[in-house]
Structure formats: C-alpha cells, structure tokens
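As structure tokens, the structure follows; a few thoughts come after it.
Throughout, protein chains are lettered first and strands after them, A, B, ... in sequence-line order, and every chain is numbered starting at 1.
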Protein chains: 2
Amino acid sequence: MPGGSGNAVTSAGLGQGSSALVEALVAQGELTDPASPRGRLLNAAALLFVEKGFARTTVRDIAAEVGILSGSIFHHFRSKEAILCQVMREVTIFARARMEAAVAQERTPRGRLRACILCELEAIHGRAVPGFTILVSEWRSLSPESQRQVLQLRERYERLWRDVLAEAGRMDDPALARRLLQGSLAHSYHWFRPKKQGLSLDELAGQVLSLYCR
Amino acid sequence: MPGGSGNAVTSAGLGQGSSALVEALVAQGELTDPASPRGRLLNAAALLFVEKGFARTTVRDIAAEVGILSGSIFHHFRSKEAILCQVMREVTIFARARMEAAVAQERTPRGRLRACILCELEAIHGRAVPGFTILVSEWRSLSPESQRQVLQLRERYERLWRDVLAEAGRMDDPALARRLLQGSLAHSYHWFRPKKQGLSLDELAGQVLSLYCR
DNA sequence: TTGATAACCAAGCGCTTGCTTGGTAGCGTT
DNA sequence: AACGCTACCAAGCAAGCGCTTGGTTATCAA
C-alpha cells in the first residue's frame, strides 16, 4: 500500500497539501513511511508522548496502540529512548519543510513573519505536526548524544526564523526575539483551546505579530 | 534551632530581605519551617525535581539528600506526589508574597510591571524561589485534585499580574498579555545563562518590558 | 519514673519497568 | 522446493519503583 490512504498522518487530519509533502519527504528518505510498521509505531508513540509524557508512557502502551506485544517493539528500535529520538528527528524535519514552504509563498517581510508564527501555532495546536510539542516538553528525556542529533537538525529551522525576524522584527536582536516568541507560542499549548473561546489561531497569530513586527 | 541560621533557603543564597520574608510566612503558618525535617525534605525535593524532573527523581534520592532512609519519608508525607503538591503550594505562596512586596515599592505603572517581570525572572533563574520552574514543567505530574489546590493558591498571583498589566500594558487584553509573557519568561529558563553572555537579568527584563509596556 | 510523641531504621513486599531470548508464520525470490 | 527476510509472539528476567510494617531511639512533659 505505497502512499496509501491508510497513512496515519493523513487520517489524523492533515490537509491534502501536507500529505503530499509527507510523501515527498518519504520518497527522499527523510521521513519514515507512516504506513509502515515502524512509521505506525512512531506515530503512536508521538501521540502518547504528547498525551501522557515520555516517562509515563510505557513500551506496553505503545505496542498496544498498534496492536503488537511489547517485546516486538525492539525489533524496530534499540530502546525506548531511540523511539523518542527518532520522533523528534522526524518532527523537526517535517516542521522545517512545512515552514519553508509557507514562507516561500509570502511576498512581504511581514507576511513571512506571520507565516512563521501561524506555522508554529498550527504545529502546536492542530494536527499538522503530531508530536511537535514534545520537542520542548520532553527535551530532557533525551540523552546528550540524542540531543546533539536533534539540535543539529533543528538549526536550519531556527535559522529560518532568525532570517525572517531580522527582516521584519522590531527588536534589535533577532535571536532574542525568537526565544521570547518561542516561549509564548510553546506556552500557548497549555491554555489555548481552538474552539472553546472567541480567539482563533489566526487571531492569536495576529496579536503576537503585532507585538514583534516593526 | 528556631529561625536558625541552618535555614536551607538562606543557605541556598537568598538575600537577607527574603529570608525575613520566609520567617514571617513561617510564623503565619503559611510555609513549613525550612529548618524542620519536613522543611528540609521539601527543599531537597524541590531542588531534585528541578534538576532531574519528578518522574526521574526517586524517593530514595530525596531521602539520601537529607540523610535518612527512603521509608522514613512516609512518616512526613502520604505519598511522593504529596511532596510535589506541597512544594508547589509553598512555592506559589512564597512567590506571591515576594511579588506583592516588590510591586508595593513601586510608584509608577511602568515600574510595577518591570518589578513583576524581574520578580518572575529572579524566581526562575536565581535561587530566590527554589523550585519555581516546577510549577510549569511538572504540572502534569500532579493529580487533578492537587492541581485544583495549587491553582486556587495561584489565582492571587495571577490576579496581581493582570492588574499590573491592565494599568501598564499595551495590549488590549491583560490576560492574553500575561499568557504570552509567562511563556517567554518560563522558556528563558532553557536558554538564559546569567553570567555566560552579555545579557543580564536586568537587561532581559528591560527588553521584555519594552515589548509589553505602553 | 513513667508515658507520650516525633523521628527514624531495617527489611522487604508487590508491582511495574525496559528489555532479552528463542522460536515461528508469512511472503517474495530464485 | 528451498531459502532468506521481515515482522511478530510467548515467556520471562533483573532491576528499580513507591510504599508498608514492626520496632527502636531520643526528647520532654507530667
């Protein structure tokens, strides 16, 4: 079932544009095919890590989610931490590709900054990038070696942010602006509820933009 | 040794003004005496929770830190989670008292907002309020009932923030401003290093203030 | 001297955890 | 038909976990 409709990410609610992006990245060997056993494990683990946290998620939980026994997981991954590491790697790669695409469509500095903000908000709140919040919440659950790996992949993502902020931001230091912004956006995970109040994701992005845009 | 110099908070690096504040709160029965066995356990637990996280800290770790055996902990607390809950309660109470004192000393709206920002930054980075970051990082480790308790104590702290922001902030919605601000400040724990770069806590507070102050 | 109480020890129970081992079913290739 | 490979099962091990139990010591008031 290559590129099949059983794709876990698609079924989680991605737009058609994004699932095409996933397929392209899978073809390039940058992402694991979400339809493969390994890919289904990664998706299940990502959702569980978001829901319960890494420490409180057992390998038995993950196995049960895809319908196999706990021991069988170690046919696909060396350790539980290796699952977390791979989830973070793929999340980083996908979020970066998605944001690069969004930025490329904009014609003004302000538009590009707004695209970045909305992109990250969607990654946090929507199902656009399942597991994105883990990058912050479970960072310390990674071994130093794994942290190094993910950090290396993350650099390109952060560079894009800094470039956009240097062009459109009102603060002198783009790196500082990015850090303050990242905190605000990441924290919104803990209070923002897309439908339960007047504020929409788009409006939230606008409010944040008005703070940081010149 | 009542009010003694063996005070764990004092020895952790508090200024003299704050240790007097601690003593006053202890006298009112709002905080546990840091010199008591129970208080020493709370302090040790708070530092370990900050350092390693709640799930990765064992009751044996905490016991070893104060020089007793693991079982003896349960003479003082019903469960490991009860320790976390009490740490959060006392941290909340102390942080609120500290910020109220700081705000009361200011004469302008801008000064009060600046005081709040600096107060929370000191709680996060200095040793002013040991365990303050746990309130965010380990929130999900609390049972719903414990969350309710801490949330109730936290309300007064957040109300002060909103009042100050309503007076001095440049955003329409003080509650939204507080949430964006809280994210930025909390996240600074992961990147800001007080002495290893040019930016000081004071300067950071100034940068943040310039974003949110009218 | 006695008794009450707080603080702690020594030992270990019952359970969960990540992970290992040895084996097997199904499938495509030759 | 034989092989090799992927994906999985069945069973369980060793370690670590939170917590319990029964008993001991020190302190201090009556």
Can you measure [X] atom [atom1] to [N] atom [atom2] for me and round it to whole angstrom units?
| X | N | atom1 | atom2 | result |
| --- | --- | --- | --- | --- |
| B/Ile62 | D/dC19 | CD1 | P | 10 Å |
| B/Ile83 | D/dC17 | CD1 | C1' | 14 Å |
| A/Arg40 | D/dA7 | CZ | C1' | 11 Å |
| B/Asp61 | D/dG16 | CG | P | 12 Å |
| B/Leu69 | D/dT21 | CG | C1' | 14 Å |
| A/Glu81 | C/dG18 | CD | P | 13 Å |
| A/Phe74 | D/dC9 | CZ | C1' | 15 Å |
| A/Lys52 | C/dT16 | NZ | P | 13 Å |

Candidate nucleotides [options], ranked by approach to the side chain of [X] - the nearest:
| X | options | answer |
| --- | --- | --- |
| B/Arg60 | D/dC19, D/dG12, D/dC8 | D/dC19 |
| A/His75 | D/dA7, D/dC19, C/dT17 | D/dA7 |
| A/Thr58 | C/dT17, C/dA6, D/dC19 | C/dT17 |
| B/Ser70 | C/dA7, D/dC19, D/dC9 | D/dC19 |
| A/Ile68 | C/dC9, D/dC9, C/dG18 | D/dC9 |

For A/Asp61, all residues meeting salt bridge (Lys or Arg N to Asp or Glu O under 4.0 Å), sequence neighbours excluded: A/Lys52
Taking the side chain from B/Glu81 and the backbone from B/Ser143, do they hold a donor-acceptor pair closer than 3.5 Å? yes
Tell me what B/Thr57 touches on the nucleic acid: a base, only sugar-phosphate, or nothing, going by heavy atoms under 4.0 Å. sugar-phosphate
For A/Glu120 and A/Trp161, which I'm curious about, is there any donor-acceptor pair between the side chains at under 3.5 Å? yes
Looking at B/Ser72, I'd like to know whether one of its side-chain N or O atoms comes within less than 4.0 Å of OP1 or OP2 on C/dA7. no
N/O (side chain, B/His76) to phosphate O (OP1/OP2, C/dC8) under 4.0 Å: yes
Is there side-chain contact between A/Val150 and A/Leu135, with at least one heavy-atom pair below 4.5 Å? yes
Flag side-chain contact, heavy atom, 4.5 Å: B/Arg96 against B/Leu160: no
Go nucleotide by nucleotide along DNA chain D from the 5' end; which of A/Ser36 and B/Phe54 gets its closest nucleotide reached first? A/Ser36
